[in-house]
Chemist: 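Here it is, the structure, as structure tokens.
Remember, it's a predicted structure, so these values are computed and weren't measured experimentally.
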Amino acid sequence: MDFLDQLNDTQRAAVTCTEGPSLIVAGAGSGKTRVLTYRIAYLLSQGVPAGNILALTFTNKAAREMKERIMRLVPANDARYLWMGTFHSICAKLLRRDADKLGFTRDFTIYDTADSKSLLKAVCKERGLDDKVYKPAAVLGRISMAKNNLISPAEYGKNNELLRQDREARMYDIVAVYELYQARLKAANAMDFDDLLLNMLKLMNEHQDVLEQLQQMFRYVLVDEYQDTNYVQYLLVSRLAEPQQNICVVGDDAQSIYSFRGADIRNILNFRRQYPNARLFKLERNYRSTQNIVNAANSLIHKNIHQIEKTVFSEKEEGCPLSLHAYMDDRAEANGVAEQIRSLSPSRPSREKAQISYDDIAVLYRTNAQSRAFEGELRKRNIPYRIYGGTSFYQRKEIKDTLGYFRLAVNPRDNEALLRIIGFPGRGIGDTTMKKVAANAIEHHRSYLEVMRYPAETGLDVNSATMKKLLGFTELMAQLHQLSEETDAYTFAEQTLHITGVQSALAMDVTAEGIDRAQNVQELLNAIREFVAQRQEEGIDYTPITDFLGEVSLQTDQDDNLTDTTERVTLMTVHAAKGLEFPIVFIAGMEENLFPSQFCVKPSEIEEERRLLYVAITRAMERCYLSYARQRFRNGQMAFNSPSRFLNDIDRRYMEIVRTATPIQPERPRWSNQTWGERMYAAPTPEWRHEEKTPAATSATAKAISGATNNISSAIWKEGERVSHRVFGEGVVVRVYRDEVTDNDKIEVNFDQSGTKTLLLTYAKLERI
DNA sequence: GTAAGTCGTGTTTTT
DNA sequence: CACGACTTAC
């Protein structure tokens with residue numbers, strides 16, 4: 001195969017060793033995707049039919065890109081029937097074929113997070129639980145965690161550790177909620193994200209014939225980003241690969257950043273124990289970044305205890321060291337970054353920088369909320385940018401409403417969809433009526449739509465005017481249901497917008513946002529048309545709306561904008577940047593309580609954040625700029641945080657400190673007797689932590705506390721000590737980090753107006769990192 | 001039953 | 001700040 005010449009020895013070995021289990025440990029930038037694509041191309045070129053290869057990726061984008069790259073290596077036809085996609089989308093596809101075996105129809109709905117939370121809220125309410133304690137997001141988190149670990153409601157109820165954690169959060173009834181939630185999903189002919197995996201496993205476990213058929217079909221199983229798989233995914237893969245053992249997993253333990261959604265790093269760490277005859281390939285040469293960047297990233301990640309031994313190295317030029325900028329506040333940071341982008345930019349070609357395009361530049365941050373400041377500053381300078389993440393196209397209200405109609409038409413039991421659309425466009429059916437409908441539906445084990453359609457059967461008690469409205473709505477839905485079965489996706493969508501009055505309701509709104517919304521819906525229509533057209537190209541003549549819905553619910557990247565060829569700066573979270581590379585990378589917000597996130601306490605969580613920064617740095621090919629702000633506007637309040645502890649972890653040989661262009665304002669001498677260079681982040685990683693909330697303060701005093709930062713700050717920079725504080729609700733949270741402590745340590749918090757409060761510190765010892 | 005306005009609260013990362 | 005829950009006025 002001539003394309004094998006493009007690989008180094010290790011890569012080639014990993015590509016051509018196709019039989020039996022393989023573990024490919026691929027350091028950042030070591031050509032992981034390349035090995036995976038070439039391995040698949042190699043299999044195809046050896047005559048393995050595409051339909052016998054299953055390749056599981058982590059994102060839709062990764063799957064799409066990999067497929068494109070494979071098609072460039074082998075005749076496109078050979079690759080067409082590859083099973084390539086995310087775990088979720090592959091499972092959804094397989095589940096539709098055999099949905100009836102699990103008591104679902106093939107048109108089952110996939111509930112997204114919003115649907116799940118809404119359903120959970122209803123379930124909690126039904127059981128008379130306080131939604132202040134049983135917060136939908138938290139409850140969903142617990143249930144999701146259980147599902148990812150294959151813990152059924154019954155097993156949950158016997159698991160003392162889980163129950164103890166729930167008690168701590170005052171949630172004594174999670175088991176019942178979990179059970180009821182699953183029942184409601186089933187009744188609605190719906191699955192949530194976790195169910196897609198769980199039910200797939202169930203299908204394989206309960207139906208030997210299905211399992212055998214799949215095992216026979218998937219003679220080669222490949223898994224990308226294996227370090228980010230969870231227990232259920234591990235079981236799925238293991239099961240499928242059982243008879244032939246042609247399983248190839250690729251990953252990098254140093255880049256495991258998804259434990260919050262159940263990813264279990266042990267999957268990759270224990271792979272060789274699971275398959276004692278597994279071949280191990282270590283890709284350690286980084287082809288992406290300069291030596292300085294690789295070395296800086298290595299120095300950081302070596303601070304973590306748990307990792308597979310490996311030495312990532314670069315043989316590219318030494319390159320520039322990382323640079324660290326300090327800014328006054330978040331706006332100054334955005335301003336500074338935007339200025340640097342401008343000075344690098346193609347519109348101001350200077351000698352050696354002439355080759356840089358906006359496409360080469362990325363700004364990475366920990367949380368989506370940070371994007372705003374950058375957006376503003378970039379727009380001010382007319383620098384084109386593209387934001388990934390945040391509320392994606394498919395999460396917008398008008399799109400979700402429209403899709404709600406499609407969903408309910410296809411699956412009349414989809415109660416969450418019904419709740420969404422019943423109020424838009426307004427048709428005189430409100431809360432009161434819906435409460436009654438919901439109550440009757442639960443009592444008589446019917447769907448909402450059924451109750452509305454046959455009110456007499458459940459004894460629905462509404463007046464005749466409402467009854468008429470209900471019948472009007474159910475007739476509309478019946479009409480749509482029929483339409484969905486008789487026409488193709490595009491015709492159906494167009495007609496639906498019309499019949500339901502969604503289109504005219506949107507057209508009536510002539511505000512700027514209203515026009516935007518109407519346009520978005522139009523775009524959705526275009527997307528459907530394209531979807532149908534694409535399927536036609538693939539030889540599928542008839543595409544019902546079901547097929548579109550099936551794809552769309554798992555489509556979270558909104559980056560299909562292939563028509564847009566404008567060069568743009570990329571703005572995204574570090575998580576979203578995984579797997580990508582850019583010549584120039586800015587990493588913003590390097591502060592305690594932000595990066596690492598304020599929610600991290602346990603050492604293992606800090607390690608994950610450190611890996612996250614490792615991922616961020618290793619995205620950079622040539623230049624990497626880090627920055628932090630001393631104060632930052634967050635949640636409507638100013639927050640003051642010390643520079644991230646991770647800045648200490650990066651070997652100073654590979655990072656230089658650059659003075660910020662923004663002068664420190666003299667009228668606010670917050671750090672007047674400090675230079676913010678050396679000592680600013682010289683505080684060692686703390687071993688002790690104290691946290692205390694001060695008593696209530698009005699918003700006026702909250703301001704006063706902000707003003708008092710001077711006093712707190714001046715105490716901070718004693719050797720080995722760090723303090724951060726945050727205005728929180730009615731008080732202020734003061735966090736103190738120290739290396740050495742005594743029994744009667746005190747700290748003074750100065751309130752400008754109301755005097756000084758002295759806090760006696762009682763330390764909680766942090767576990768050693 | 002709806003629309004507009006007030007109050008309070010809680011904040012990560014994504015399939 | 002931004003969103004959802006709740007209140008008040010139509």
Chemist: Rounded to the nearest Å, what distance is computed from the CG atom of residue A/N463 to the C1' atom of nucleotide B/dG1?
Modeler: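 Atom-to-atom, A/N463 to B/dG1, this comes out as 11 Å.
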Chemist: Can you tell me whether the side chain of A/R634 and the base of B/dT11 have a donor-acceptor pair closer than 3.5 Å?
Modeler: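 When only heavy-atom distances are counted, A/R634 does not reach the base of B/dT11 through any donor-acceptor pair under 3.5 Å.
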Chemist: Is any side-chain nitrogen or oxygen of A/R372 closer than 4.0 Å to OP1 or OP2 of C/dC1?
Modeler: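 Checking A/R372 against C/dC1: no side-chain N or O falls below 4.0 Å of OP1 or OP2.
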Chemist: Return the value, rounded to whole Å, for the distance between atom CD of A/E225 and atom P of B/dT14.
Modeler: 14 Å
Chemist: Quick one: A/M145 CE to B/dT13 P, roughly how many Å, whole number?
Modeler: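 Value for this atom pair: 21 Å.
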Chemist: Between A/Q227 (CD) and B/dT14 (C1'), how many Å, whole number?
Modeler: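 Distance check: A/Q227 CD to B/dT14 C1' gives 15 Å.
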Chemist: Whole angstrom is fine here: how far is it from CD in A/E609 over to C1' in B/dT13?
Modeler: 8 Å
Chemist: Would you please name every residue forming a side chain to side chain contact (heavy atoms under 4.5 Å, CB included) with A/S604, sequence neighbours left out?
Modeler: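 Once residues adjacent in sequence are excluded, the partners of A/S604 under the side chain to side chain contact (heavy atoms under 4.5 Å, CB included) criterion are A/K602.
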Chemist: Under 4.0 Å, counting only non-hydrogen atoms across every strand here, what does A/T113 touch: a base, just sugar-phosphate, or nothing?
Modeler: base
Chemist: Does A/D264 come within less than 4.0 Å of A/R266, counting only side-chain N to carboxylate O?
Modeler: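 Between A/R266 and A/D264 there is a salt bridge, with a charged N closer than 4.0 Å to a carboxylate O.
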Chemist: Of all residues at least two apart in sequence or in a different chain, which pass the salt bridge (Lys or Arg N to Asp or Glu O under 4.0 Å) check with A/D194?
Modeler: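 For A/D194, no residue satisfies salt bridge (Lys or Arg N to Asp or Glu O under 4.0 Å) once neighbours in sequence are set aside.
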Chemist: According to salt bridge (Lys or Arg N to Asp or Glu O under 4.0 Å), who are the partners of A/R331, at least two apart in sequence or on a separate chain?
Modeler: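 So A/R331 forms a salt bridge (Lys or Arg N to Asp or Glu O under 4.0 Å) with A/E377.
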Chemist: Run the ring-centre check on A/F58 versus A/Y258 and record whether the distance is less than 6.0 Å.
Modeler: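 Under 6.0 Å, so yes.
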Chemist: Less than 4.0 angstrom between a side-chain N/O of A/S597 and OP1 or OP2 of B/dT13, yes or no?
Modeler: no
Chemist: Partners of A/D401 by salt bridge (Lys or Arg N to Asp or Glu O under 4.0 Å), sequence neighbours excluded?
Modeler: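 For A/D401, the residues satisfying salt bridge (Lys or Arg N to Asp or Glu O under 4.0 Å) (neighbours in sequence not counted) are A/R420.
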Chemist: Rounded to the nearest Å, what distance is computed from the NZ atom of residue A/K436 to the P atom of nucleotide B/dG1?
Modeler: 7 Å
Chemist: With a 4.0 Å cut-off on heavy atoms, is A/Y258 in touch with a base, just the backbone sugar-phosphate, or nothing at all?
Modeler: sugar-phosphate
Chemist: So if I take every side-chain heavy atom of A/F599 and compare against B/dT15, B/dT14, B/dT12, which nucleotide ends up nearest?
Modeler: B/dT12
Chemist: Using a cut-off of strictly less than 4.0 Å, decide whether A/T432 has a side-chain nitrogen or oxygen near OP1 or OP2 of B/dG1.
Modeler: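 It does, given that an N or O in the side chain of A/T432 lies less than 4.0 Å from OP1 or OP2 of B/dG1.
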Chemist: Look at the side chain of A/T433 and decide which nucleotide, out of B/dT12, B/dT14, B/dG1, has an atom nearest to it.
Modeler: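 So the nucleotide nearest the side chain must be B/dG1.
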Chemist: Where each residue is assigned the nucleotide of DNA chain B containing its nearest heavy atom, which of A/A137 and A/K469 is assigned the position nearer the 5′ end?
Modeler: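 The residue whose closest nucleotide sits nearer the 5' end is A/K469.
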Chemist: Side chain of A/F193, heavy atoms from C-beta onward: which of B/dT15, C/dC1, B/dT14 has the nearest atom to it?
Modeler: B/dT15
Chemist: Which residue, A/D194 or A/R366, contacts DNA chain B at a nucleotide closer to its 5' end, judged by nearest heavy atom?
Modeler: A/R366
Chemist: Check nucleotides 2-8 of chain B against the protein and report each pair of N or O atoms closer than 3.5 Å, with its distance, or say if there are none.
Modeler:
unit_1: B/dT2; atom_1: OP1; unit_2: A/G428; atom_2: N; d: 3.2

Chemist: If you check the A/A576 side chain, which of B/dT12, B/dT14, B/dT11 turns out closest?
Modeler: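 Comparing B/dT12, B/dT14, B/dT11 against the side chain of A/A576, the answer is B/dT14.
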Chemist: In this structure, how many angstroms lie between the C1' atom of B/dT15 and the NZ atom of A/K147, rounded?
Modeler: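 After rounding, the gap between these two atoms is 13 Å.
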Chemist: NA contact type, A/R611, heavy-atom cut-off 4.0 Å: base, sugar-phosphate, or nothing?
Modeler: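 The residue A/R611 makes no contact with any strand.
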Chemist: Which residue in the set A/D192, A/D414, A/D115 passes side-chain hydrogen bond (donor to acceptor under 3.5 Å, both in side chains) when paired with A/T109?
Modeler: A/D414
Chemist: Holding to salt bridge (Lys or Arg N to Asp or Glu O under 4.0 Å), I want the full list of residues that pass it with A/D330, two or more places apart in sequence or in another chain.
Modeler: none
Chemist: With a 4.0 Å cutoff (strictly under), does any side-chain N or O of A/N60 reach OP1 or OP2 of B/dT14?
Modeler: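 Checking A/N60 against B/dT14: no side-chain N or O falls below 4.0 Å of OP1 or OP2.
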Chemist: Has A/R611 got its NZ or CZ under 6.0 Å from the middle of the six-membered ring of A/Y614, at an angle within 45 degrees of the ring axis?
Modeler: no
Chemist: In terms of side-chain heavy atoms of A/F633, which of B/dT15, B/dT11, C/dC1 is nearest?
Modeler: C/dC1
Chemist: Within this structure, what is the OH-to-C1' distance between A/Y111 and B/dT14, rounded to whole angstrom?
Modeler: 21 Å
Chemist: With stacking defined as ring centroids separated by under 5.5 Å and planes differing by under 30°, is A/F260 stacked against B/dT13?
Modeler: yes
